[in-house]
Amino acid sequence: MIPIKPIGSHPAKAPRAVTPAEAATAFLKPGVLSLSALPPLSLYVHIPWCVKKCPYCDFNSHEAKDGFPEEEYLNALRTDLENALPLIWGRTIYTIFIGGGTPSLLSAAGLDRLLSDIRTLLPLDGRAEITMEANPGTFEAEKFKSYRASGINRLSIGIQSFNARHLKALGRIHDDREAHRAVEIAHANFDNFNLDLMYALPSQTLEEASADVQTAISMAPPHLSLYHLTLEPNTYFAKYPPAIPDDDASAEMQDMIDAATAAAGYQHYEVSAYAQPKRQARHNINYWEFGDYLGIGAGAHSKLSFPHRIVRQARYKQPKAYLEYMQTGSAVQEEVEIGRAELGFEFMLNTLRLQNGFEPNLFAERTGLTLNAIEKPLNIAENKGLLYRDHQIIKPTALGLRFLNDLQQMFLTD
């Protein structure tokens with residue numbers, strides 16, 4: 001990565017920040033790339049508060065023990081978005097994802113104000129997918145009716161399990177009855193929603209994992225996300241690891257999931273994502289196809305393309321620091337330009353997650369490079385049986401998906 005802007009230690013002591021208008025002007029100057037067109041643009045909004053921090057969670061989330069400063073944070077989000085406008089001027093937003101934390105802690109009025117601010121400042125595609133994450137422990141029927149009326153047209157519900165024992169082990173604030181109730185409310189108000197489930201849970205058996213998946217399928221969600229529990233660094237589970245199924249048991253669970261979802265008509269289109277026909281998550285597909293996204297809010301990340309360069313940003317993670325920096329004008333902590341040598345890996349890291357891969361010309365469209373830039377690792381991966389390619393498609397094989405980390409790392413440059 002090529003650093004662009006220094007990072008200040010505190011708002012009062014930080015050097016003068018480059019304004020978004022100045023940054024945009026600099027980014028539009030000739031650089032190391034030549035993109036024929038800019039990719040689709042998404043918006044990500046981070047709400048960093050939750051009721052309780054789960055022991056497995058390594059996301060930027062913070063317990064709202066005594067509530068959270070909703071109005072102050074919404075003011076900061078609007079300012080954050082206003083500051084970013086010169087970087088995306090004239091570009092249409094195709095998808096919005098409001099994540100967290102627990103965005104469903106927002107009041108109905110707060111969510112309405114957030115979407116109103118977004119619509120006021122940004123041109124939205126007429127078919128924009130607007131998703132909000134929701135925790136079953138925060139579901140209130142009337143509030144979710146208001147969310148729908150405000151413009152949310154897709155929910156992503158963090159069920160994780162329908163088993164009371166496993167929910168308790170995961171530290172979730174909802175029980176199995178609330179999980180069922182959340183899906184009922186979602187069906188009543190939304191025609192598009194996702195259920196998040198986890199497997200390989202502490203002491204979970206294959207039969208229990210299968211029961212979770214079958215319960216989810218019986219509720220006919222348009223989309224399912226099924227994640228293997230991992231013990232992430234800097235989490236409670238990493239410090240005090242529970243007994244989880246071994247690799248063989250986990251593999252059996254994955255095979256069960258693939259069979260059950262396929263039998264129910266779901267397409268396994270990404271490593272952890274399964275969808276009914278034409279119900280894939282458009283926001284996430286944009287990530288996986290190396291599209292652009294602007295992230296606002298505490299700890300949010302952005303990836304933005306310009307005609308001659310691609311830039312990443314990260315905002316300050318701690319909500320308090322984010323709010324303090326927004327008062328001084330900008331909460332962007334890091335801003336780096338992706339170098340030519342790194343673009344091949346960055347692109348393949350995302351696109352190799354897609355079961356059906358990508359068209360070869362997408363590489364040039366999104367990176368400004370030719371496929372010759374990654375010809376050597378492509379040949380090696382193909383010879384090892386990890387990758388299939390022809391003039392129409394490049395995609396991981398079944399073996400490549402099984403050893404996806406190894407396949408992705410083959411595109412790392414020295």
- Message: I'd like to check the side-chain hydrogen bond (donor to acceptor under 3.5 Å, both in side chains) partners of Asp212; sequence neighbours left out, ordered by chain and number.
- Response: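 Checked Asp212 against side-chain hydrogen bond (donor to acceptor under 3.5 Å, both in side chains); matches are Ser161.
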- Apply side-chain hydrogen bond (donor to acceptor under 3.5 Å, both in side chains) to Arg78 and list each qualifying residue two or more places apart in sequence or on a separate chain.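 So Arg78 forms a side-chain hydrogen bond (donor to acceptor under 3.5 Å, both in side chains) with Glu82, Asp117.
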- Say whether, by atom type as modelled, one donor and one acceptor occur between the side chain of Lys53 and the main chain of Ser61 under 3.5 angstrom.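 Between the backbone of Ser61 and the side chain of Lys53 there is a qualifying donor-acceptor contact (under 3.5 Å).
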- Look only at the side chain of Asn60 and the backbone of Ala298, and say whether a donor-acceptor pair between them is shorter than 3.5 Å.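 Such a contact is found between Asn60 side chain and Ala298 backbone.
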- Item | ring pair (Phe, Tyr, Trp, His ring centres under 6.0 Å) partners of residues 28-47, not counting sequence neighbours, each pair once | Tyr44-His46
Table please: side-chain donor-acceptor pairs of residues 92-99 below 3.5 Å, with sequence neighbours left out.
{"unit_1": "Thr95", "atom_1": "OG1", "unit_2": "Ser42", "atom_2": "OG", "d": "2.6"}
{"unit_1": "Thr95", "atom_1": "OG1", "unit_2": "His283", "atom_2": "ND1", "d": "2.8"}

Scan side-chain atoms only and decide if [X] and [Y] contain a donor-acceptor pair under the 3.5 Å cut-off.
X	Y	value
Asn194	Ser225	yes
Gln267	Gln355	no
Arg113	Asn75	yes

For [X], check ring pair (Phe, Tyr, Trp, His ring centres under 6.0 Å) against everything at least two apart and list the hits.
X	answer
Trp49	Phe68, Tyr73
Phe411	none
Tyr236	Tyr240
His268	Tyr274

- Query: What pairs of residues pass the salt bridge (charged side-chain N to carboxylate O under 4.0 Å, His left out) test when at least one of them lies in residues 255-273, not counting sequence neighbours?
  - Reply: Glu270-Arg353
- Is the Phe358-Phe363 ring centre distance short of 6.0 angstrom?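 Centroid separation for Phe358 and Phe363: 6.0 Å or greater.
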- If you look only at pairs with a residue in residues 380-393, which of them pass as a side chain to side chain donor-acceptor pair (under 3.5 Å), with sequence neighbours excluded?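 Side chain to side chain donor-acceptor pair (under 3.5 Å) check on residues 380-393 returns Glu375-Arg389, Asn379-Arg389, Glu382-Arg389, Tyr388-Asp390.
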- Message: I need the full list of side chain to side chain donor-acceptor pair (under 3.5 Å) pairs touching residues 291-302, with sequence neighbours left out, sorted by first then second residue.
- Response: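 Qualifying pairs, neighbours excluded: Arg91-Asp292, Asp292-Lys303, Asp292-Ser305, Tyr293-Arg312.
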- Query: Can Gln160 and Tyr227 be said to form a side-chain hydrogen bond (donor to acceptor under 3.5 Å, both in side chains), step by step?
  - Reply: CA-CA 9 Å; Gln160 314 313 356; Tyr227 300 106; over 6 Å; no
- Give me the one residue out of Gln280, Arg279, His223 that meets side chain to side chain donor-acceptor pair (under 3.5 Å) with Tyr269.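 The single option meeting the side chain to side chain donor-acceptor pair (under 3.5 Å) with Tyr269 is His223.
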Indicate every side-chain donor-acceptor pair of residues 178-191 with a distance under 3.5 Å to a residue at least two apart or in another chain.
{"unit_1": "Glu178", "atom_1": "OE1", "unit_2": "Asp175", "atom_2": "N", "d": "2.9"}
{"unit_1": "His180", "atom_1": "ND1", "unit_2": "Asp176", "atom_2": "O", "d": "2.9"}
{"unit_1": "His187", "atom_1": "NE2", "unit_2": "Met219", "atom_2": "O", "d": "2.6"}
{"unit_1": "Asn189", "atom_1": "ND2", "unit_2": "Ile185", "atom_2": "O", "d": "2.8"}

